[in-house]
Amino acid sequence: MAVTEPAAAAAATEIPPQVPSQGSRGPGPDAPGGPDAPGGPDALSGTGVSGGPGGSAAPEGILCRQAQRESAARTYARSLPIVPVRARGLTIEGADGRRYLDCLSGAGTLALGHNHPVVLEAIRGVLDSGAPLHVLDLATPVKDAFTTELFANLPPALAADARIQFCGPAGTDAVEAALKLVRTATGRPGLLAFTGAYHGMTAGALDASGGAPGVRVTRLPYPQDLRCPFGVGGPEGAELSARWTENLLDDPKGGVPAPAGMIVEPVQGEGGVIPAPDGWLRRMREITAARGIPLIADEVQTGVGRTGAFWGVDHAGVVPDVMVLSKAIGGSLPLAVIVYRSGLDVWAPGAHAGTFRGNQLAMAAGAATLAFVRENRLAERAAALGERMLTALHGLACVHPCIGEVRGRGLMIGVELVDPDTGAAAPSLAAAVRQECLDRGLIVELGGRHGAVVRLLPPLTLTDEQAAAVLDRLADAIPAAARRTH
């Protein structure tokens, strides 16, 4: 469908069932909560669409008041001027009755899509039980169940000797906790991070991110093909990156004393969907282990099956000293933790605290999400479907020279747009593609250098039919955007 249609028309033709069509052991079509059941994963029934739960306010008025009242720092609201009122699975319905296929998924938070039945059931279970919703860091059955499920899915070598710290509700606070942890444990202040990284918006996390204006960390080259810092790309570029890192740490004149830790994303998300080569990531583990430097894996966006393995580090067989987890582990609700080797657990009580460490609803939703991903082998499903989508996008790149590179892992996919004549990043073209996608009922976002990478982060429950619809709309949007920008 070239443009978005009113909800009633789109319902029959555009919204396939949410439960995966292959490899799923979830409820079947006739099971309670199955895709064909009333109120099932993609059902968007009910009244009051135009105004949502609060009444009949027009979406234009809501957007106008938002622009008048909210901070100039708002981001997604600028590029996605819609007013969501209901959502199921891949689908969002706006207050104007239009439906959209959501390939943003809460910036990767919604592993199972919007309002998945198992998540809603877990949340209702806590609400109906009378359990306290706020408990600071006290032990509860809900927390115990979440921790047990999480540990069951961790890399076994880490789970066997791990500690968990519940942090404030955002991933950036978990990054702060990880940095404080390794600095406390090693007694060293320095940090190793990588070009293109993104770890959050608080002070320490921002310092470790690639766009930090005042750098207080040592920045190392992250390997990539299209814009390799050594001009070669591929395995040779990754090897040069590793040698650079090793030499810098061992050079007595390198200006880098032994750091407290190294933090790395298995796939750089905001940096442009750039997967770390497996061999290079193993070298980083060897380099840090040999020098007594804790390795921190930032799995905030790559965790819980997103990349085609349960954790991004699993592809390389790497076991980090610290894992930073958020987004999908809360089952769509705010939750962030770090998991780390017990030998690093030298904190005094209260060394890292926060009022909202005990989000019971998020722990219940998170445990249900973790279990569903594990039981239904959604990581394997993401690997297979993601590979097919990447293959289709590579074919699209052969037709459109404005596609500089297609890359990703699992259902974490990026399409970098360039000037066909110069190869330079084309942010205005990327912005036009995003708008053309929105006009066709597809929500995507941008990332990477200069904001020139169109990013796809669909839920892991994406079906073959939905994947085809996403690719069709993107394939329509790219040439339309190219014509617009010319």
Side-chain angles (χ1 to χ4, degrees), residues 16-37 39-43 87-91 102 105-106 108-128 141-155 159 299-312 314 325-335 337 359-386 410-412 457-464 466-467:
Q18 176 190 5
V19 177
S21 59
Q22 299 177 5
S24 173
R25 289 177 283 176
D30 299 321
D36 295 332
D42 274 319
R88 282 282 188 176
L90 181 68
T91 308
D102 180 13
S105 296
T109 298
L110 305 171
L112 305 183
H114 294 276
N115 293 327
H116 194 280
V118 301
V119 172
L120 297 182
E121 181 181 0
I123 293 171
R124 289 191 188 103
V126 176
L127 294 174
D128 293 344
V142 174
K143 177 192 275 191
D144 183 64
F146 169 80
T147 304
T148 300
E149 182 63 39
L150 177 61
F151 273 49
N153 290 291
L154 291 174
E299 293 264 10
V300 168
Q301 194 166 106
T302 53
V304 196
R306 169 61 56 188
T307 67
F310 212 96
W311 309 108
D314 290 345
L325 311 176
S326 187
K327 290 192 185 293
I329 67 162
S332 77
L333 298 179
L335 187 64
V337 305
N359 189 335
Q360 297 284 279
L361 294 181
M363 291 175 192
T369 297
L370 291 166
F372 192 88
V373 171
R374 171 177 53 82
E375 293 167 0
N376 290 277
R377 305 177 68 87
L378 292 191
E380 291 91 329
R381 165 71 181 170
L385 184 54
L411 291 176
M412 189 172 181
L457 291 166
L460 308 187
T461 50
L462 188 73
T463 67
D464 292 346
Q466 289 172 331

Sub-4.5 Å side-chain heavy-atom contact between Met412 and Thr302: yes

Shortest non-hydrogen contact between Ala111 and Ala328, atoms and distance: CB-CB, 3.9 Å

Side chain to side chain contact (heavy atoms under 4.5 Å, CB included) partner of Val304, chosen from Leu150, Leu112, Val373, Leu378: Val373

Gap separating the CD1 atom of Ile123 from the CD atom of Gln360, nearest 0.5 angstrom: 12.5 Å

Set of side chain to side chain donor-acceptor pair (under 3.5 Å) partners for Thr109, sequence neighbours left out: none

Heavy-atom side-chain contact between Ser332 and Leu110 under 4.5 Å: yes

Asn115 (side chain) donor-acceptor with Ala87 (main chain) under 3.5 angstrom: yes

Inter-residue atom distance Thr307.OG1 - Asp314.CG, 0.5 Å rounding: 7.5 Å

Non-neighbouring partners of Asp102 that pass side chain to side chain donor-acceptor pair (under 3.5 Å), sequence neighbours left out: His114

Contacts of Ala383 that satisfy side-chain contact (heavy atoms from CB on, under 4.5 Å) - sequence neighbours left out: none

OG on Ser326 to CD on Gln301, rounded to 0.5 Å: 11.0 Å

Side chains of Leu361 and Val142 in contact at under 4.5 Å (non-hydrogen atoms): no

Partners meeting side-chain contact (heavy atoms from CB on, under 4.5 Å) with Ala122 (sequence neighbours left out): Ala364, Ala368

Under the side chain to side chain donor-acceptor pair (under 3.5 Å) test, residues paired with Asn153 that sit two or more places apart: Glu149

Pairing residues for Glu380 by the side chain to side chain donor-acceptor pair (under 3.5 Å) criterion, not counting sequence neighbours: Arg377

Qualifying residues under side-chain contact (heavy atoms from CB on, under 4.5 Å), relative to Ala384, sequence neighbours excluded: Arg388

Side-chain touch Leu333/Val119, heavy atoms, less than 4.5 angstrom: no

Ala382: side-chain contact (heavy atoms from CB on, under 4.5 Å) partners, not counting sequence neighbours: Leu411, Leu460

Within-4.5 Å side-chain heavy-atom neighbours: His116 and Thr369: no

Distance in Å, Asn359 CG paired with Leu335 CG, rounded so as to fall on 0.5 Å steps: 6.5 Å

Reported CZ-to-CG distance for the pair Phe146 and Leu370, which is rounded to 0.5 angstrom: 6.0 Å

Minimal non-hydrogen separation, Trp311 against Gly303, with atom names: CE3-CA, 3.6 Å

Interatomic distance, Leu154 atom CG to Glu299 atom CD [nearest 0.5 angstrom]: 10.0 Å

